[in-house]
Amino acid sequence: MSLKFSVLASGSSGNAVYVETEQTRLLVDAGLSAKQIQILFEKAACGEVADIDGILVTHEHSDHIKGLGVLARKFKLPIYANKNTWNAMNGLIGEVATEQKFEFEMESVKTFKDLEVESFGVSHDAAEPMFYVFHHNGRKLALMTDTGYVSDRMKGIIRDSHSLVIESNHDINMLMMGRYPWNIKRRILGDHGHISNEDCGHALADVIGDGTKHIYLAHLSKDNNMKDIARLAVEQTLKTYDISAGEQVILHDTDASQPTKLALV
Ligand SMILES: [Zn+2]
Ligand SMILES: [Zn+2]
């Protein structure tokens, strides 16, 4: 009776998360080439891509859908996304057969055999971006990246997850001092961009519950962040709330091209 997952890849160059139970196997986003995703499945020992039950889409940015069309066509996989995301993906993923297209509306729950999936909206500059919480046999896994801030509503939904994959996008100083043009910096820092390492720490302090153990820092900016800096910033922020990383909760890295170990939630 287990819920397992692997963050196959995370970051602005491509995102994909694999989730499985005894009866159900899902992919969230396919933001790398189909070939790369197949390699990541192999590396993480996630079995055959052909056997998954479907791909859940969070939003239409290319780092989340780059390989979606090819992968879905190659293995005849169902794709789940909300209506506005489907419209926004029109022309971006090529032809997908009608029988592979499914709607998964924001703020709704879908049951895939023994796995319950809940969708919730985030604040990001896409058509209707949403992320997912997975429930199986009393265990809870939440995925949430690509958001400019974390609202109380979002916190309520992801609160007390046993495992949590959360965005820790940038170090504010690295971003401000970096070479990005101002309009891009403003986009990243804005309410519809991405959350910083400190924002991540503050949000975590509000959502860590008695059951929370594993926290995966995700969607790190390649140019404006580093794993050590992200982990340290989150650790220090949590410390101001008397939450000790390493004891109470364990912080894990994610990588742009290396999957995390297929782990129990
Ligand atoms: Zn995005
Ligand atoms: Zn993204």
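When a ligand or atom number is given, it counts from 1 through the structure's own listing order.
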Does Lys140, at its NZ atom, have more than 12 non-hydrogen atoms belonging to other residues, nucleotides or ligands within less than 6.0 Å? yes

Above 12 or not: heavy atoms from other molecules or residues under 6.0 Å from OH of Tyr149? no

So that I know where these two stand, are His194 and His170 an aromatic pair - ring centroids less than 6.0 Å apart? no

Have a look at Gln38 and tell me which of Glu48, Lys74, Lys43 forms a side-chain hydrogen bond (donor to acceptor under 3.5 Å, both in side chains) with it. Lys74

Listing by chain and number, which protein N, O or S atoms are under 2.8 Å from the Zn ion (ligand 1)? His59 NE2, His61 ND1, His124 NE2, Asp146 OD2

Do any side-chain atoms of residues 257-265 form donor-acceptor pairs under 3.5 angstrom with protein atoms, and if so which ones, sequence neighbours left out?
residue : atom : partner : partner atom : Å
Ser257  : OG   : Asp255  : OD1          : 3.4
Thr260  : OG1  : Val7    : N            : 2.8

Please determine whether a side-chain nitrogen of the Lys or Arg among Asp206 and Lys155 lies less than 4.0 Å from a carboxylate oxygen of the Asp or Glu. yes

